[in-house]
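Here is the structure we will look at, set down as structure tokens.
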Amino acid sequence: QVQFVESGGGLVQPGGSLRLSCAASGLTVSGKTMGWFRQAPGKEREFVAAITWSIGTRYYADSALGRFTISRDNAKNTVLLQMNSLNPEDTAVYYCAAKGSLGHYGRPDDYSYWGQGAQVTVSS
């Protein structure tokens, strides 16, 4: 059974940083494309970042480029999202997800497994 345990969310002031962690069981993160998505109240779930299986190519949404960094720790079977220079528009529930080799990294429907979500609130 595939499970993700997400942690690291919370309340941070504008300009601050958070690091989200997604610990996986039931699959190997290096064998899947791992993605981070977010969903704000009243909005659709949107792509944030992804790291592909094998060589680990990274992709970012325009809103995340230059501020967020996705990485994985194969030894801990964990995917991380380092978020810097946070602003109130980044407030959302953040989800990690996994997909196979088919489909597009930015499309939520192409992901088969999802975490429970971690709340990130950016506010002064």
Side-chain angles (χ1 to χ4, degrees):
Q1 183 178 1
V2 176
Q3 286 188 328
F4 299 135
V5 177
E6 298 170 3
S7 60
L11 173 65
V12 63
Q13 291 187 342
S17 299
L18 284 175
R19 189 176 77 162
L20 300 180
S21 177
C22 174
S25 61
L27 61 76
T28 302
V29 298
S30 61
K32 298 287 187 183
T33 291
M34 301 298 298
W36 284 97
F37 292 78
R38 66 186 184 186
Q39 188 166 18
K43 295 187 177 181
E44 294 187 352
R45 190 167 299 189
E46 65 176 7
F47 169 73
V48 176
I51 183 167
T52 63
W53 69 285
S54 186
I55 63 174
T57 302
R58 295 167 171 83
Y59 298 95
Y60 296 95
D62 288 344
S63 60
L65 197 61
R67 300 187 301 129
F68 294 4
T69 302
I70 187 171
S71 63
R72 67 180 183 221
D73 184 334
N74 293 339
K76 296 182 179 180
N77 208 33
T78 297
V79 179
L80 304 170
L81 184 68
Q82 176 67 42
M83 304 186 292
N84 300 327
S85 302
L86 287 162
N87 57 63
E89 291 70 37
D90 296 316
T91 296
V93 177
Y94 284 70
Y95 299 89
C96 71
K99 63 177 288 297
S101 58
L102 299 179
H104 190 274
Y105 61 82
R107 203 154 45 213
D109 288 349
D110 288 344
Y111 285 74
S112 302
Y113 304 103
W114 291 84
Q116 81 285 358
Q119 177 68 49
V120 171
T121 303
V122 185
S123 175
S124 55

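If you're wondering where the values come from, they're calculated on a predicted model, not measured in any experiment.
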Pairwise side-chain contact, [X] with [Y], heavy-atom cut-off 4.5 Å (strictly under):
X     : Y      : answer
Met83 : Val12  : no
Gln39 : Pro108 : no
Thr52 : Tyr59  : yes
Trp36 : Val79  : yes
Ser71 : Gln82  : no
Leu86 : Gln13  : no
Asn87 : Pro14  : no

Give a yes or no answer on whether the side chain of [X] reaches the backbone of [Y] with a donor-acceptor pair at less than 3.5 Å.
X      : Y      : result
Gln3   : Ser25  : no
Ser21  : Gly8   : no
Asp110 : His104 : yes
Arg38  : Thr91  : no
Arg19  : Leu80  : no
Tyr95  : Glu6   : no

Taking all atoms of both residues into account, what is the closest heavy-atom pair of [X] and [Y], and its distance?
X      : Y      : result
Lys32  : Ala98  : CB-CB, 4.2 Å
Thr33  : Ala50  : CG2-CB, 4.4 Å
Ala40  : Ala92  : N-CB, 3.8 Å
Ser85  : Arg67  : O-NH1, 3.0 Å
Trp53  : Ser101 : NE1-CB, 4.0 Å
Gly115 : Phe4   : N-CD1, 3.4 Å

Are [Y] and [X] linked, directly or through intermediate hydrophobic residues, by side-chain heavy-atom contacts shorter than 4.5 Å (ILVMFWY only)?
X     : Y      : value
Leu27 : Ile70  : yes
Leu20 : Tyr113 : yes
Val29 : Leu81  : yes
Phe68 : Leu65  : yes
Val48 : Met34  : yes

Would Tyr111 and Phe37 count as a ring-ring contact (aromatic ring centres under 6.0 Å, His included) here? Give the steps. CA-CA 11 Å; Tyr111 285 74; Phe37 292 78; 4.9 Å; yes
Partners meeting ring pair (Phe, Tyr, Trp, His ring centres under 6.0 Å) with Tyr94 (sequence neighbours left out): none
Among pairs that include at least one residue of residues 9-120, which meet disulfide (SG to SG under 2.5 Å), considering only residues two or more places apart or in two chains? Cys22-Cys96
Positive for side chain to side chain contact (heavy atoms under 4.5 Å, CB included) with Val122, one of Leu18, Asp90, Leu11: Asp90
I would like to know whether Phe47 and Tyr105 meet ring-ring contact (aromatic ring centres under 6.0 Å, His included); could you show each step before the answer? CA-CA 8 Å; Phe47 169 73; Tyr105 61 82; 5.4 Å; yes
Trp114, CH2 atom: more than 12 neighbouring heavy atoms under 6.0 Å: yes
